[in-house]
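Order of appearance sets the numbers: ligands from 1, and atoms from 1 within every ligand. Just so you know, residue 1 is the first one in the sequence shown, and it goes up from there.
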Amino acid sequence: MNDTSRTGEANQALAPLLRLWAEVDDLGKASSILAWDQETQMPSKGGAARGKLQATLAGLRHEKLVSSEMEDALRAAEEGAVDGTPEHAQVREARRAFDRAARIPGELARALAEAATLSHESWVAARKAADFSLFERDLAHMIGLKREEAGLLARGDITPYDALLDQWEPGMTEAKLVPLFAELRDVLAPIVHGVRECGRTIDESPARGDFPAAAQYAFGRSMAEAIGFDFDAGRLDLAPHPFCSGFAPSDVRLTWRFDAGDFRPALFGILHEAGHGLYEQGLPGAWQRTPIGGAVSLGVHESQSRLWENLVGRSRAFWEWALPRFHAHFPGASGVTLDALLPALHTIQPSLIRVEADQGTYDLHIAIRFELERAIFAGELEARDLPDAWDARYGAFLGVRAPSVADGVLQDIHWSMGGFGYFPTYTLGNLINAQLFTAARAALGDLDAMFARGEFAPLLGWLRENVHAHGARYTATELVERATGRPLSAADFLADRAATAASVYGVTT
Ligand code: ZN
């Protein structure tokens, strides 16, 4: 039998599975569009009605996913799948999703979707009022549902928290993350300490001033466009939280927010989300609405956003090109020079807010959430304990304390939407992006010279070929190894952090 006829047979065996899968995928995307709408358009009173709608969609999706037709189609496809082919990967991913969903009763899937919508609304209100009690009941309810879900998914040496991690980062476990976070803390904490002791403070005034919202939008949008984001296949809207939602490579939505007195949150937020968006726009068109048509994992997703935000967007070479454009959009900042601005893009300073944290302290914010989540799912912490537990960890890890719960335990959206086990993917993204960037540099040569000319297409092309185009054909572990020639490690990321501490603060550890 030749390869073509074998592929033909495999495709035939796969056809019923893919037909059913396309509908499951569509229902999931419909929920995502409604979630995007909730964040960007929905009036504040719309939450309860939206919760019912989301519960119905989640219930329908769940029914279709675990149906006996799906089970039969999956079994038939498994028989024909040849190891190492895309068809085999289709079956692997479909099996993973099916087995996971089959352990969850439809009732629970609907309850989780409705709770996510409702507790999101009470979290918004609580954060606005800086009053945890407005959120505590809904959060306790959400934690209860997630414990139930995690309990149903745990088995053998897969802990309940592992089961939650697996949703975002397939195959990731507490046992793998505990030593990783210990390694990061061992290296990053002395850097942060050294910076604090060195007594050098960075003049951040070049990044501060009067930056009108309209000019920030125009500048951010032009930067997203310059790195390759296609606005005919995407949007950029104002929202309380920056995020990216992709419904197809031809429809990718980014959001942004701004600080009128500091251009950094908006610009780096937009570059970050545009990095996610480039991944979504680069996913394989031929595999859309199939089990391997989406991103392989959130860690890989986050590697794309961080690569553009930090390794490109904060580089000297990027600013050699971008500074005249910055001056044109912000005439009030026309006196800002490259040498004055660059250190303000590389501060290392313990702070309260994760999304605005620098790269030296960011992973300590994640380590805090990882510890808290593990404790929640080990039954050691309840919703009511979280404000105090939060403050205690921030004191221990970063030496800071939030003046209000709005900047403390209420700062993140994730728990309100049931996104437990999600945070560690940010740290994995940091590790992956550093390692990918090293490999891209080795393959492409002088990236800095390209950035200084505003040429980002070669880097994007490399990422398209080595990451985006594969969808979920390979596991995240395989993908990183194929793209970089070695297994994932923290080495490149930590070396980069140490180099920045040395160059900006003169601190060596
Ligand atoms: Zn991100």
Measure from the Zn ion (ligand 1) to each N, O or S atom of [X] and report whether any distance is below 2.8 Å.
X: His276; value: yes
X: Glu273; value: no
X: His301; value: no

Where the Zn ion (ligand 1) is the vertex, angle from His272 NE2 to Glu302 OE1 to 10°: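 Once rounded, the angle between the two atoms at the Zn ion (ligand 1) is 120°.
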Mark yes or no for whether Asp237, through its side chain, and Thr255, through its backbone, hold a donor-acceptor pair below 3.5 Å.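 Not confirmed, Asp237 side chain does not pair with Thr255 backbone.
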Mark yes or no for whether Glu373, through its side chain, and Gly421, through its backbone, hold a donor-acceptor pair below 3.5 Å.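 Confirmed, Glu373 side chain pairs with Gly421 backbone.
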At their closest point, which heavy atom of Pro265 faces which heavy atom of Glu356, and how far apart are they?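 Residues Pro265 and Glu356, closest heavy atoms: CB-OE2, 4.2 Å.
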Contact summary for Asp391 and Arg401, nearest pair of heavy atoms: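 Closest approach of Asp391 to Arg401, heavy atoms only: OD2-NH2, 3.4 Å.
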